[in-house]
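A quick write-up on the structure given underneath.
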Amino acid sequence: MGDPALRGAEWDFVGARRRLEAKPKSAGEKLTSLDDAAARVVDGDRVAVGGCLFSRTPLALVREVLRARRRALTLVRNLTCTEGELMMGAGAVERVMTAWMSIGLPWGVSKVMRHYVESGAVALEEWSHLALGLRFRAAAMGVPFVPALTMLGSDLVAVGGMKTVADPYSGETLAAVPALFPDVALLHVHRADRFGNCQIDGYPHMDADIARAAATVLVTTEELMTDDETRRHPDRTVIPGFLVDALVHVPFGAFPHECYGLYEADFDHFGDYTSSIDARGPEAAVADYLARYVYAPSAWDDYLDLFGGERLAKQQNQARELTQ
Amino acid sequence: MTQPFTSAELLAIMGSRVLRDDTTVFAGVGVPLLAAALAQQRHAPNLTMVIEGGIIGPRIKPGRLPISTNEMRAAHRAQMLPGITDTFLFAQRGFLDYGFMGGAQIDQYGNVNTSVLGTDYWKPKVRLPGTGGANDIASLCKEVIILTAHEKRRFVPRVDFVTSPAWLDGGDARRRAGLPFGGVSRVVTTLGVFGFDPQTRRMRLDALHPGVSREQVREHTGFPLLEAPSVAVTEPPSADELAMLRTLDPERRFLG
């Protein structure tokens, strides 16, 4: 199918291990500001984004990466939503590795994705949902691939250049799903202490594997908890502090996407956004959106003011009602 | 011909009838989830729904149907939230009896395309959203059921891109690709119900919905269809099935 998409560094488990061995794995203070955290993302990075579709997306971090005008990034996300569209519109990404991209059924196929991918401006490298999960899992395990039964016989095999392997015991053909070691992980969690020990409520998605797979881990948290709270419920910690490089306390850090139990996604906002794309075309509409929501408000609180407290409160109530 | 139900209602009801009790089903949002919820309420109380976002055993709240497979509405009163990778691994282990799927294109061997239209993947005529979990569902469930509108542009001799494998090139091609189990067993459309010849794995007309003719089916299918020795006629949706289904989606978000 043409593009030899797989680059060695994606599954170089020895190189990825050396990178970790060379880096400090501190149990100390991780709290910092959004711009300091996002400054650790550099041009050309493979950036893995936690959550899934419009659930627990680390939008405050994504916004800060866009404000820093990063270029030539590879975005890796299981199901890609508006954050991917904004990265495309801002010219920040040259490749998106994902299983699916659009907002959701009611909003149709993403016109932004179609525009940038059909024109060849951005390469969309498609993997199955399980395959992407196993790519992070293999990396989290520190091995170059895991055998699996996904993607076999399909045309997806050629897109990402996945190889197969013969089972040394039975001779059966298996998918050799290659590890994917991201340069940076961007994650949003419900609770963390200042040392970076993280708790997640509701859907775990792939965040814990991504944190183990990436060379650098940047986290935003809805709530800052005490060291004592962590130690009273150590079974709730899904990412230990020594994996985390930077932590920022950002309430509503995924808005207008959802955060399980805390606030529901703002579907009206998605509707306004896609109506504007329908009316004005993907490039102009996304450029306007970026100007208004990404470049103009310098602080996250200024960004949240654009939605207003009433709307945030309404989304909180709906989340409470759904998870009670 | 006007009927007292919509295409989506017909597909949800026909889909629900396939599901037996004491089984598990991998269901996507929209019509598949409605089909599973209806089966659970009517004849399969011990059916467990599994949703791709990492949800096991949700109770769908009437009027608050989920829009995506990984949001709070999909997890309402769920029994477990295991994470996405581990959810699919239940299917790889063999715990999932049924998987529901739809798609932009489907071919005579049941393969489905949800990736690109056109012949060059990297320069597609139309870029579609992609596989999501469809490839995994098609690869890993014991039995896959496709629910789709029956249109000539969808029913093509060969899909532009095999996103989700059914019987590949027919015969034992699936087995040779490394998938010794599973495959599409049934295609439920707005015109009828289709199976596959056990040898060639080509699509076969098994049953027509009431009032639909063979000619109509042929007209809307872009490849030659096999026919079962005796083509049956399906039972139309009952008043009871329709009433239950409509209670689940009172705003008709997915029922049309």
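We name chains A, B, ... by the order of the sequence lines, and we start the count at 1 in each one. Computed from heavy atoms alone, side chains included, the values below leave out hydrogens, waters and symmetry copies.
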Find the one option among [options] whose heavy-atom pairs under 4.5 Å with chain B are most numerous.
options: A:Leu79, A:Val157, A:Val117, A:Leu124; answer: A:Leu124
options: A:Leu105, A:Thr164, A:Asp207; answer: A:Leu105
options: A:Met101, A:Arg114, A:Glu118, A:Gln324; answer: A:Glu118
options: A:Ala175, A:Gly133, A:Cys52, A:Ala148; answer: A:Cys52

[X] versus [Y]: any side-chain heavy-atom pair under 4.5 Å?
X: B:Ile67; Y: A:Trp107; value: yes
X: A:Glu321; Y: B:Lys61; value: yes
X: A:Leu130; Y: B:Leu140; value: yes
X: A:Phe267; Y: B:Glu71; value: yes
X: B:Thr163; Y: A:Asp155; value: no
X: B:Trp122; Y: A:Val159; value: yes
X: A:Leu149; Y: B:Ser139; value: no
X: B:Phe88; Y: A:Leu134; value: no

request  = Would you please go through residues 92-108 of chain B and name the residues with a non-hydrogen atom below 4.5 Å from one of chain A, in numerical order?
outcome  =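 If one takes a 4.5 Å heavy-atom cut-off, the residues of residues 92-108 of chain B near chain A are B:Gln92.
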task = Step by step, work out the side chain to side chain contact (heavy atoms under 4.5 Å, CB included) result for A:Leu156 and B:Phe161.
result = CA-CA 8 Å; A:Leu156 292 172; B:Phe161 185 95; 3.8 Å; yes
query = Is a side-chain N or O of A:Glu258 found less than 3.5 angstrom from the main chain of B:Met72, in a donor-acceptor match?
reply =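 Yes.
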query = With distance as the sole test, does B:Asp136 use its side chain to make a donor-acceptor pair with the main-chain N or O of A:His129 at under 3.5 Å?
reply =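 At least one qualifying donor-acceptor pair exists.
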Can you name the closest pair of heavy atoms from [X] and [Y] and give their distance?
X: B:Ser68; Y: A:Leu53; answer: CB-CD2, 3.5 Å
X: B:Ala177; Y: A:Leu152; answer: O-CB, 3.5 Å
X: B:Pro129; Y: A:Ser102; answer: CG-OG, 3.6 Å

inquiry  = Please list all pairs meeting side-chain hydrogen bond (donor to acceptor under 3.5 Å, both in side chains) that have one or both residues in residues 29-38 of chain B, counting only residues at least two apart or in different chains.
reply    =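 For residues 29-38 of chain B: none.
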Is it the backbone or the side chain of [X] that comes under 4.5 Å from a heavy atom of chain A, or both, or neither?
X: B:Val116; result: neither
X: B:Lys125; result: backbone
X: B:Val159; result: neither
X: B:Arg64; result: side chain

[X], part contacting chain B, at a heavy-atom distance under 4.5 Å:
X: A:Ala319; answer: both
X: A:Tyr263; answer: backbone
X: A:Thr323; answer: side chain
X: A:Cys259; answer: backbone
X: A:Asp167; answer: neither

query = Would B:Thr85 and A:Met206 count as a side chain to side chain contact (heavy atoms under 4.5 Å, CB included) if you check the C-alpha gap in whole Å, the side-chain angles of each, and the deciding distance to 0.1 Å?
reply = CA-CA 7 Å; B:Thr85 306; A:Met206 299 179 180; 3.9 Å; yes
query = Quick one: of B:Val126, B:Val29, B:Leu168, who has the most non-hydrogen atom pairs under 4.5 Å with chain A?
reply =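 So the answer, after comparing B:Val126, B:Val29, B:Leu168, is B:Val126.
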Among B:Pro165, B:Gly133, B:Gly30, B:Ser115, residue most engaged with chain A (heavy-atom pairs, under 4.5 Å) = B:Ser115
inquiry  = Any carboxylate oxygen within less than 4.0 angstrom of a Lys/Arg side-chain nitrogen, looking at B:Arg127 and A:Glu126?
reply    = yes
inquiry  = Less than 4.0 angstrom from a charged side-chain N to a carboxylate O is my criterion; do B:Arg73 and A:Glu264 meet it?
reply    =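 A:Glu264 and B:Arg73: salt-bridged.
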inquiry  = Taking atom CZ as the centre, does B:Arg59 end up with more than 12 heavy-atom neighbours from other residues, nucleotides or ligands that are less than 6.0 angstrom away?
reply    = no
task = Look at atom CZ of B:Arg77 and say whether more than 12 heavy atoms of other residues, nucleotides or ligands are closer to it than 6.0 Å.
result =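 Count not over threshold, so no.
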request  = Report the C-alpha separation of B:Ile55 and A:Tyr203 in whole Å, then their side-chain angles, then the decisive distance to 0.1 Å, and conclude whether the side chain to side chain contact (heavy atoms under 4.5 Å, CB included) test is met.
outcome  = CA-CA 8 Å; B:Ile55 304 149; A:Tyr203 307 102; 3.4 Å; yes
request  = Evaluate side chain to side chain contact (heavy atoms under 4.5 Å, CB included) for B:Asn70 paired with A:Tyr260, printing each intermediate quantity in order.
outcome  = CA-CA 10 Å; B:Asn70 44 268; A:Tyr260 187 96; over 6 Å; no
message = The criterion is salt bridge (charged side-chain N to carboxylate O under 4.0 Å, His left out); which residues satisfy it with A:Arg320, sequence neighbours excluded?
response = none
Any residue meeting side-chain hydrogen bond (donor to acceptor under 3.5 Å, both in side chains) with B:Arg204, in chain and number order, not counting sequence neighbours = B:Asp206
